[in-house]
Amino acid sequence: MADPKGFMKTPRQDWPRRPVEERVRDWDEVYVPGALLPIISTQADRCMDCGIPFCHEACPLGNLIPDWNDLVSREDWRAAADRLHATNNFPEFTGRLCPAPCEAGCVLAINQPAVTIKNVECAIADRAWAEGFAPPRPPDRLSGRTVAVIGSGPTGLAAAQQLTRAGHTVAVYEKDDRVGGLMRYGIPAFKMEKHHLERRIEQMRAEGTRFRTSTAVGRDIGGAELRSRYDAVVIATGATAWRELDVPGRDLDGIQQAMEYLPLANRVCEGDLGSSPMSAAGKHVVIVGGGDTGADCLGTAVREGAASVTQLDIYGQPGAERDDDLEPWPTYPKIYRLSAAHEEARDLVTAPAADADARLFAASTLRFTGDADGHVRSLHLVEVDARRRPLPGTGRALPVDLVLLALGFSGPDRGDGLIDQLGLELEPRGTIARDAEFATNAPGVFAAGDAARGQSLIVWAIAEGRAVAAAVDRYLTGSSRLPAPISPYDRPMAV
C-alpha cells in the first residue's frame with residue numbers, strides 16, 4: 001500500500017472523454033489520448049489494500065487487483081503487467097469493454113466512489129505493449145496433441161492461447177473473414193479500436209496458434225469430420241441466436257436485428273464498404289432494447305448522421321444510487337449509468353421526447369405500421385409498470401424509418417448444423433449442456449463461453465476460456481498446471 005491515506009485525500013478521477021462534438025465525427029476511441037497515464041498512479045493510490053479484497057470475488061478472473069494497484073502507484077509497470085497477465089490474457093479488451101463488476105465490489109465503494117480499477121487495468125495493458133512487456137510466449141516443447149477451437153471471440157482466443165502455451169497444437173476456426181468474433185464486428189471501433197485486437201492475434205500467431213478464417217464448422221467442414229482430425233474440440237461460438245420481437249408489423253422493411261446492423265458499420269471502418277447499406281444517415285431511428293448492444297447501436301447511428309435516435313428500455317429508470325436492500329454491496333447494482341453513447345445523445349438531443357439522454361424507460365412496443373410500400377413508418381408503444389403491465393392511456397407512436405432490435409441472445413445459432421452433427425445435448429434454455437469439466441455428451445468435445453453459459457460479460461468469457469483450457473489439458477495429458485478461475489456452475493454474485 002504505497003499511500004495509506006490515498007483514498008482519503010484523492011478523489012476519484014476517470015479517464016476523460018473527448019468533447020462530444022469532436023468524437024461523433026470519427027470512429028476513434030472516445031477517450032482523450034494520453035490523458036490516462038498522468039492521473040493513474042494517484043488513482044491507484046486510492047486502493048485501500050483491504051484485508052479481504054472483494055474485488056477479487058466480484059471479478060471471475062480473480063484479478064490480483066490490490067497487487068497491481070500498489071505496483072502502479074509505485075510506477076513499477078513491468079511487475080504490474082506480470083501480475084495482470086497472470087490472470088487475464090487480454091486486459092486491454094476488458095479495460096475498455098468490461099462494465100467493471102470489480103468496482104462494484106470495491107470495499108471503498110461501500111460509502112465512496114470506487115477505485116478506478118478498470119482504468120488502471122487499461123493503463124497497465126497499454127503500457128505493457130508500449131514497453132515490450134507482452135512478448136509472445138511460445139511453449140518450450142510440443143505435446144503432440146491437437147485441439148480445434150471453434151470461434152474466435154474472447155472465450156475461443158483465451159482457450160487457444162492457454163492451450164498453445166501448454167504445448168498443444170491449436171487451430172482456431174472462424175466463420176468470418178477476420179478473427180475476433182463480436183469484438184471484431186459487433187463492438188464499434190469507438191469503444192475499442194481494432195489495432196488492440198490485431199496485436200494480440202499477431203502475438204498468438206507468433207506463439208504457434210493457427211487461424212482458419214472464412215470457415216463455418218458445420219457447413220464448410222462437418223462437425224464429425226473436424227472431431228476426427230483433432231484430439232479435442234472446444235466449441236466457443238457464442239450465443240448468436242438473437243431474440244425476436246413478436247408483434248404485429250414485424251415483417252415490414254426497415255426492421256433489423258442489431259447484429260445485422262452493427263457488423264456493416266464495422267466493415268465500413270475496416271475499409272470493406274464505402275457505406276453501410278443499413279446506414280442510419282438521415283433516418284429516424286428507434287432502438288428496442290436497453291442494454292449495451294442497444295447503446296452500441298445508438299453511438300453508431302449518431303456517427304452515421306441519423307435525423308433522430310430513440311432507445312426503448314422496458315425497465316423503469318433506475319436511481320443514481322445503489323438500493324442497499326435490493327442490491328447490497330458487493331453485488332453489481334442496476335443504477336443509472338451514462339455511457340459515452342448516451343452522453344452523446346443527451347448533448348446532441350437526438351431524442352427530444354426521451355426521459356433521459358436518448359432513452360424512454362418503462363416502454364413496451366405494441367406494433368409497427370408502415371407505408372404503402374411496406375416500409376416501417378411508426379412504432380406504437382405503451383408505458384408499463386414494474387411488472388411490465390401496460391398502463392392505460394399511455395399509448396403513443398414514434399415516427400421511424402429504421403428499427404434496430406437489441407433484445408439479447410438466447411443461445412448458440414443452430415443454423416450451421418454443428419450441434420446436430422455432433423449430437424450435442426442442450427439445456428432447456430437452448431445453451432449447450434456440459435458437465436463439471438466443461439465436457440459435452442460427445443467424447444472429446446468441450447463447450448465454453450456464451451454458447452454454454454448464456455449471454456454474459458467479457459470477463460466471464462475470458463474466464464471460461466481459461467477454465468476450459470485447463471479441462472482440455474487434463475483430458476489430453478491426465479493433469480494440468482493451467483489455472484481454472486471458474487467452474488461451469490459459477491455465477492455472478494447476487495442476493
Side-chain angles (χ1 to χ4, degrees), residues 15 17-33 90 92-100 118 122 152-154 176-198 200 238 240 242 256-281 283 285-306 309-311 337-348 350 357-359 402-409 455 457-458 461:
W15 192 356
R17 295 168 180 163
R18 295 188 289 138
V20 166
E21 296 78 8
E22 172 190 318
R23 68 186 195 237
V24 297
R25 296 191 182 100
D26 60 44
W27 295 88
D28 298 339
E29 288 182 7
V30 299
Y31 297 104
V32 177
F90 314 121
E92 66 273 32
F93 302 169
T94 52
R96 288 172 168 81
L97 304 177
C98 181
K118 179 177 172 179
C122 195
S152 68
D176 286 322
D177 58 340
R178 294 183 179 91
V179 175
L182 288 183
M183 292 188 296
R184 171 73 69 182
Y185 292 126
I187 300 296
F190 59 79
K191 287 181 70 174
M192 188 182 79
E193 294 173 9
K194 305 312 173 185
H195 67 84
H196 300 294
L197 179 59
E198 293 291 353
R200 279 295 177 189
T240 55
W242 52 60
Q256 309 291 158
Q257 287 284 348
M259 289 312 301
E260 295 174 310
Y261 169 74
L262 289 172
L264 292 171
N266 273 298
R267 286 192 176 278
V268 172
C269 293
E270 293 278 8
D272 298 341
L273 300 172
S275 63
S276 168
M278 291 185 192
S279 175
K283 298 176 182 177
V285 181
V286 177
I287 301 160
V288 183
D292 288 343
T293 302
D296 292 344
C297 291
L298 173 62
T300 299
V302 167
R303 282 163 176 76
E304 288 180 335
V309 193
T310 305
Q311 183 179 9
R337 294 180 172 88
L338 194 67
S339 72
H342 291 117
E343 180 185 46
E344 293 156 7
R346 180 199 65 189
D347 291 0
L348 298 174
T350 69
D357 46 75
R359 286 173 280 192
L402 175 64
V403 176
L404 301 174
L405 304 181
L407 301 171
F409 306 90
Q455 187 178 353
L457 306 178
I458 186 170

field: For Thr94, all residues meeting side-chain hydrogen bond (donor to acceptor under 3.5 Å, both in side chains), sequence neighbours excluded
entry: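 By the side-chain hydrogen bond (donor to acceptor under 3.5 Å, both in side chains) rule, Thr94 matches Asn88, Glu121.
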From [X] atom [atom1] to [Y] atom [atom2], the distance as rounded to the nearest 0.5 Å:
| X | Y | atom1 | atom2 | value |
| --- | --- | --- | --- | --- |
| Glu343 | Asp357 | CD | CG | 10.0 Å |
| Leu97 | Lys118 | CG | NZ | 7.0 Å |
| Ser279 | Arg303 | OG | CZ | 13.5 Å |
| His196 | Glu193 | NE2 | CD | 5.5 Å |
| Leu264 | Asp272 | CG | CG | 10.5 Å |

message: Between Arg184 and Glu270, does any NZ, NE, NH1 or NH2 come within less than 4.0 Å of an OD or OE carboxylate oxygen?
response: yes
- prompt: So, are Lys191 and Asp292 salt-bridged, with charged N and O less than 4.0 Å apart?
  reply: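 Judged by the 4.0 Å cut-off on N to carboxylate O distance, Lys191 and Asp292 do not form a salt bridge.
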task: Go through Tyr185 and Asp176 one step at a time and tell me if the side-chain contact (heavy atoms from CB on, under 4.5 Å) criterion holds.
output: CA-CA 9 Å; Tyr185 292 126; Asp176 286 322; 3.8 Å; yes
Any [X] side-chain heavy atom under 4.5 Å of [Y] side chain:
| X | Y | value |
| --- | --- | --- |
| Phe90 | Leu197 | no |
| Met183 | Arg96 | no |
| Arg267 | Ser276 | no |
| Cys122 | Trp15 | yes |
| Val268 | Trp27 | no |
| Arg200 | Glu92 | yes |
| Thr240 | Met259 | no |
| Leu298 | Arg359 | no |

Counting N and O atoms only, with roles assigned by atom type, does the side chain of [X] sit under 3.5 Å from a partner on the main chain of [Y], one being a donor and the other an acceptor?
| X | Y | value |
| --- | --- | --- |
| Gln256 | Tyr261 | no |
| Thr310 | Ala358 | no |
| Arg23 | Arg18 | yes |
| Glu260 | Gln257 | yes |

Between [X] and [Y], what is the shortest heavy-atom contact and its length?
| X | Y | value |
| --- | --- | --- |
| Asn266 | Pro188 | OD1-CA, 3.7 Å |
| Cys297 | Ala258 | SG-CB, 3.5 Å |
| Gly186 | Asp296 | O-OD2, 4.2 Å |
| Gly180 | Ser152 | N-OG, 2.8 Å |

- prompt: Do you know which of Leu262, Val285, Val288, Val309 makes side chain to side chain contact (heavy atoms under 4.5 Å, CB included) with Leu404?
  reply: Val285
- request: Let me see the working for Phe190 and Thr300 under side-chain contact (heavy atoms from CB on, under 4.5 Å), right down to the final yes or no.
  value: CA-CA 9 Å; Phe190 59 79; Thr300 299; 3.8 Å; yes
task: Evaluate the criterion side-chain contact (heavy atoms from CB on, under 4.5 Å) for residue pair Arg337 and His342; output intermediate values, then yes/no.
output: CA-CA 9 Å; Arg337 294 180 172 88; His342 291 117; over 6 Å; no
